[in-house]
Each structure stands twice: as C-alpha cells, then as structure tokens.
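Side-chain atoms are counted along with the backbone in the values below, which use heavy atoms only and exclude waters and symmetry mates. Numbering starts at 1 and runs along the sequence shown.
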Amino acid sequence: MPELTEAHKKELLKDPNHCPYCGSTDIQSGDRNSDDNWISQDVSCNDCELEWEEIYTLSSIEEK
C-alpha cells in the first residue's frame, strides 16, 4: 500500500471528492464511527482499491 503523505492529505482537503492516492473520482463511502469530538468515515477507491479513513470535527455552528 502506498504511504499517505502530507501532500496527499493537503490535496484531499482541497477536494475531498477524489482518491488521495490515484486521483480517481470513483470512490465509495462506508461505515461511520463517532466519539465526543469527531466523526470518522471509511472510504475506498474503486479504481486502485486503496482505503482510508476520513476524520471530521466540528468547525463552526450557525443559527437556523
């Protein structure tokens, strides 16, 4: 498995709709996990078949 570098991470944060390894847009989201301060989601690429975990944290709040 290729190493997920800081450059890969930066590219994915700019455009999360592609694989950080091969650049494909044929990605699939899987299971979600959560804790008090974050939510994570398993993601895989249907082209290169590599997998990663995306981690989400609360960045803001707005009134409805």
Side-chain angles (χ1 to χ4, degrees):
M1 174 186 237
E3 181 181 341
L4 183 61
T5 66
E6 288 302 315
H8 287 125
K9 292 177 185 180
K10 282 184 179 183
E11 282 300 312
L12 187 63
L13 290 174
K14 283 189 219 173
D15 180 9
N17 298 313
H18 70 279
C19 174
Y21 297 101
C22 74
S24 171
T25 56
D26 189 9
I27 57 174
Q28 182 174 323
S29 300
D31 294 337
R32 291 186 184 130
N33 302 301
S34 64
D35 199 346
D36 291 337
N37 298 313
W38 54 265
I39 295 173
S40 68
Q41 184 168 26
D42 296 334
V43 185
S44 61
C45 177
N46 293 319
D47 285 336
C48 71
E49 299 181 353
L50 292 175
E51 300 175 339
W52 62 95
E53 180 179 41
E54 294 182 352
I55 301 167
Y56 304 93
T57 58
L58 182 63
S59 63
S60 181
I61 185 170
E62 293 185 12
E63 187 175 333
K64 283 183 133 188

Closest non-hydrogen atoms of Trp52 and Leu12, given as atom of the first, atom of the second and distance, are NE1-CD2, 3.9 Å

- Are any non-hydrogen side-chain atoms of Asn17 and Thr25 less than 4.5 angstrom apart? no

- Message: Using side-chain heavy atoms (C-beta onward) and a distance below 4.5 Å, is His8 in contact with Glu11?
- Response: no

To the nearest 0.5 Å, atom CD of Glu49 lies from atom SG of Cys19 at 11.0 Å

dist Ile55:CD1 -> Asn33:CG (nearest 0.5 Å) comes out at 10.0 Å

Are Tyr56 and Val43 linked, directly or through intermediate hydrophobic residues, by side-chain heavy-atom contacts shorter than 4.5 Å (ILVMFWY only)? no

| Do Gln28 and Asn46 have side-chain heavy atoms sitting under 4.5 Å apart? | yes

Between Gly23 and His18, the two heavy atoms sitting closest are O-CB, 3.6 Å

- Side-chain touch Pro20/Leu4, heavy atoms, less than 4.5 angstrom: yes

What one should report as the nearest heavy-atom pair of Asn37 and Thr57 is O-CG2, 3.7 Å

Glu54 and Pro16 have their tightest heavy-atom pair at OE2-O, 4.2 Å

Between Tyr21 and Cys45, is there a side-chain heavy-atom distance shorter than 4.5 Å? no

Ile39 and Ser34 have their tightest heavy-atom pair at CG1-CB, 4.0 Å

Nearest heavy-atom contact between Gly30 and Gln41 is O-NE2, 3.5 Å

